[in-house]
Amino acid sequence: MASFHFLRHLPVETVEFLLLVGFGLLCSQLADAQTGACYGILGNNLPSPPEVVSLCHQHGIRAVRIYNPNQSILQALNGSGISVMIGIPNENILLIGKSPPKAQAWVQYNIRRFPGINFKYVVVGNEINPLDPAFAAIAPYIGPAMENINSALFGHGQTIKVSTAISTGLLAQSYPPSAGAFRGDISGYIGPIIDFLKKQNSPLLANVYPYLDYIGDTRDISLEYALFTSPSPVVIDGPYRYQNLFDAMLDAVHAALEKYGANDVGVVVSETGWPSAGGPAASVENAGIYNNKLVGHVGGGTPRRPGRPVETYISDLIDENQKSPEYEKHWGVFYPNKQPKYPIRFSSHGN
């Protein structure tokens with residue numbers, strides 16, 4: 001434990017200054033926990049992109065994830081001041097991974113043409129599972145596509161990190177969190193990705209859904225543990241005490257990275273949330289509890305990485321009525337008419 005006895009020997013004015021600086025640093029660190037939102041468009045009743053950008057400004061949403069380079073959305077975001085995580089759809093990865101010129105063309109058309117957008121990440125693929133036959137042809141090209149996009153971004157005025165978004169389903173084990181490890185049969189896939197992230201000082205993106213884990217095992221996982229409302233720790237993992245499932249799932253990813261020697265690779269939660277209808281425990285009340293508790297929680301880090309704010313994106317911004325199964329249609333914080341389902345602030349410091 002740090003000792004502060006030396007403060008006794010300093011002038012009062014100096015002590016006050018040091019405390020003020022420390023408080024300021026703490027506040028600036030907590031401000032980094034600003035929570036963003038995922039802007040999906042699988043709906044036939046969604047407001048226009050300019051309306052969505054206005055909605056984000058109205059509710060203090062300063063970061064969004066978009067899943068493809070939709071030109072109307074990019075035009076609306078240009079000059080908005082909203083930072084953007086932009087995705088390369090899975091179906092485009094093969095071409096970009098094979099061809100550096102195609103990666104150059106993609107960056108030129110979707111990044112360089114919008115100098116008024118603060119692009120923060122390029123996400124090469126979403127939830128690619130190399131063991132899934134549907135992704136068998138794509139998976140080997142995730143690493144090369146990340147390299148090609150990264151090279152194409154060289155010389156761009158902004159610092160844009162390149163990564164990919166994984167599902168926690170790539171973990172062979174996640175309980176207890178310290179046992180977290182990637183599946184052994186995907187080492188040829190995940191290893192090069194982690195090596196790239198280490199080399200480029202980029203974070204891994206992870207889609208973390210306590211709701212899905214909860215409905216998959218309601219016998220062993222309590223609703224309170226999944227909703228951030230447990231009054232006391234539920235899982236004791238050596239020196240780490242877990243009072244909510246979100247932290248446990250995220251720390252299992254941290255532990256899996258550490259087993260690859262990637263202790264310094266951060267994790268950005270690229271999707272999380274709770275549905276308001278369509279499934280077990282899916283209600284407006286529970287969605288409001290989860291997302292508000294989430295916003296207030298992520299600034300403090302996790303038991304395994306305390307004090308390190310977790311950059312997090314709530315899924316979804318607006319309900320998407322063309323998704324399935326039924327509960328997938330109801331993850332939005334807002335209804336398609338732009339009305340909020342419940343009061344929420346996207347920063348622990350307000351809007």
> Return the CG to CG distance between Leu227 and Asn292, rounded to the nearest 0.5 Å.
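Reported to 0.5 Å precision, the distance equals 12.0 Å.
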> Using 0.5 Å steps for rounding, measure from the CD1 atom of Ile318 to the CG atom of Leu55.
5.5 Å
> Gln75 side chain to Ser72 main-chain N or O, any donor-acceptor pair under 3.5 Å?
no
> Can you tell me if Asn263 and Arg305 form a side-chain donor-acceptor pair at under 3.5 Å?
no
> Output yes when a side-chain donor or acceptor of Asn68 lies under 3.5 Å from a complementary backbone atom of Pro89, and no otherwise.
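Answer holds: no.
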> Donor-acceptor pair, Thr164 side chain versus Val124 backbone, under 3.5 Å?
yes
> Determine yes or no for a side-chain-to-main-chain donor-acceptor pair under 3.5 angstrom, with Asn110 supplying the side chain and Trp106 the backbone.
yes
> Determine whether Asp237 and Tyr175 satisfy the following criterion, side chain to side chain donor-acceptor pair (under 3.5 Å), listing intermediate values before the conclusion.
CA-CA 9 Å; Asp237 182 14; Tyr175 180 86; over 6 Å; no
> Is the side chain of Ser83 donor-acceptor paired with the backbone N or O of Lys120 at a distance under 3.5 Å, no angle test?
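Pair absent, no side-chain N/O of Ser83 close to backbone of Lys120.
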> For Tyr141 and Ile96, what are the C-alpha separation, side-chain angles and deciding distance, and is it a side-chain contact (heavy atoms from CB on, under 4.5 Å)?
CA-CA 8 Å; Tyr141 291 93; Ile96 289 174; over 6 Å; no
> For Ile73 and Asn70, work out which heavy atoms get closest and say how close.
N-OD1, 3.0 Å
> Given 3.5 Å as the limit, does a donor-acceptor pair link the side chain of Ser151 with the main chain of Glu147, or not?
yes
> Looking only at heavy atoms, what is the nearest atom pair of Ile166 and Glu127, with distance?
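Smallest interatomic distance, heavy atoms only, reads C-CG, 4.2 Å.
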> Without swapping roles, check the side chain of Asn148 against the backbone of Ala103 for a donor-acceptor pair under 3.5 Å.
no
> With distance as the sole criterion, is a donor-acceptor pair present between the side chains of Asn126 and Asn90 under 3.5 Å?
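No, no side-chain donor-acceptor contact under 3.5 Å.
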> Please name the pair of heavy atoms, one in Pro192 and one in Ser187, separated by the smallest distance, quoted to 0.1 Å.
CD-O, 3.9 Å
> How many angstroms lie between atom CD of Gln243 and atom CZ of Arg241, to the nearest 0.5 angstrom?
9.0 Å
> Determine yes or no for a side-chain-to-main-chain donor-acceptor pair under 3.5 angstrom, with Asn78 supplying the side chain and Gly116 the backbone.
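Checking the backbone N and O of Gly116 against the side chain of Asn78, a donor-acceptor pair under 3.5 Å is found.
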> Check for a donor-acceptor pair, side chain of Trp274 on one end and backbone N or O of Ala281 on the other, with a separation under 3.5 Å.
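Present.
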> How far apart are the C-alpha atoms of Tyr242 and Asp251, what are their side-chain angles, what is the distance that settles it, and do they pass the side chain to side chain donor-acceptor pair (under 3.5 Å) test?
CA-CA 10 Å; Tyr242 292 92; Asp251 270 355; 2.6 Å; yes
> Identify whether Val107 and Tyr67 are in the same connected component of the hydrophobic contact network (ILVMFWY, side-chain heavy atoms under 4.5 Å).
no
> Enter the distance from Lys323:NZ to Leu42:CG here, rounded to the nearest 0.5 Å.
6.0 Å
> Does one side chain, of Tyr290 or Thr272, offer a donor that lies under 3.5 Å from an acceptor on the other?
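Yes, Thr272 and Tyr290 have a side-chain donor paired with an acceptor closer than 3.5 Å.
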> With a 4.5 Å cut-off on side-chain heavy-atom distances among I, L, V, M, F, W and Y, is there a chain of contacts connecting Leu77 to Val123?
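As far as the 4.5 Å side-chain criterion goes, Val123 and Leu77 are not connected within one cluster.
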> What are the two closest heavy atoms between Tyr121 and Pro203, and how far apart are they?
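Where Tyr121 meets Pro203 most closely, the heavy atoms are CE2-CG, 3.6 Å.
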> Report the relative orientation of the aromatic rings in Phe228 and Phe246; use parallel for angles under 30°, tilted for 30 to 60°, perpendicular for over 60°.
tilted
> Report yes or no: is the cationic atom of Lys259 (NZ for Lys, CZ for Arg) under 6.0 Å from the centre of the six-membered ring of Phe182, at an angle within 45° of the ring normal?
no
> Give a yes or no on whether Asp264 atom CG has more than 12 heavy-atom contacts from other residues, nucleotides or ligands under 6.0 Å away.
no
> How long is the span from the CG atom in Leu204 to the OG atom in Ser163, to the nearest 0.5 Å?
5.5 Å
> Look at the side chain of Ser315 and the backbone N and O of Cys38, then say whether any donor-acceptor pair between them is shorter than 3.5 Å.
no
> So, Tyr211 versus Trp331, ring centres under 6.0 angstrom or not?
yes
> For residues Glu271 and Tyr209, is any side-chain donor paired with an opposing acceptor at under 3.5 Å?
yes
> Show the numbers, then the answer: is there a side chain to side chain donor-acceptor pair (under 3.5 Å) between Asn207 and Ser270?
CA-CA 5 Å; Asn207 299 339; Ser270 42; 2.7 Å; yes
> Compute whether any side-chain donor of one residue and acceptor of the other, for Asp247 and Thr302, lie under 3.5 angstrom apart.
no
> Does the side-chain contact (heavy atoms from CB on, under 4.5 Å) test come out yes or no for Tyr214 and Leu212, once each step is laid out?
CA-CA 5 Å; Tyr214 166 70; Leu212 299 181; over 6 Å; no
> Within 45 degrees of the axis of the six-membered ring of Tyr109 and under 6.0 Å from its centre: does Arg113 put its NZ or CZ there?
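Yes; both conditions hold, so Arg113 lies above the ring face of Tyr109.
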> Does Ile117 belong to the same Ile/Leu/Val/Met/Phe/Trp/Tyr cluster as Val64, with side-chain heavy atoms less than 4.5 Å apart forming each link?
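Linked, Ile117 and Val64 end up in one cluster.
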> Nearest 0.5 Å, please: how far is CZ in Phe154 from CD in Gln104?
11.0 Å
> Identify whether the distance between the nearest side-chain nitrogen and carboxylate oxygen of Lys341 and Glu285 falls below 4.0 Å.
no
> Compare every heavy atom of Leu171 with every heavy atom of Ala256, then report the nearest pair and how far apart it is.
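Scanning both residues, the minimum pair turns out to be CB-CD2, 3.7 Å.
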> For Asp213 and Ile221: C-alpha separation, side-chain torsions, deciding distance, then whether side-chain contact (heavy atoms from CB on, under 4.5 Å) applies.
CA-CA 8 Å; Asp213 275 32; Ile221 299 175; 4.2 Å; yes
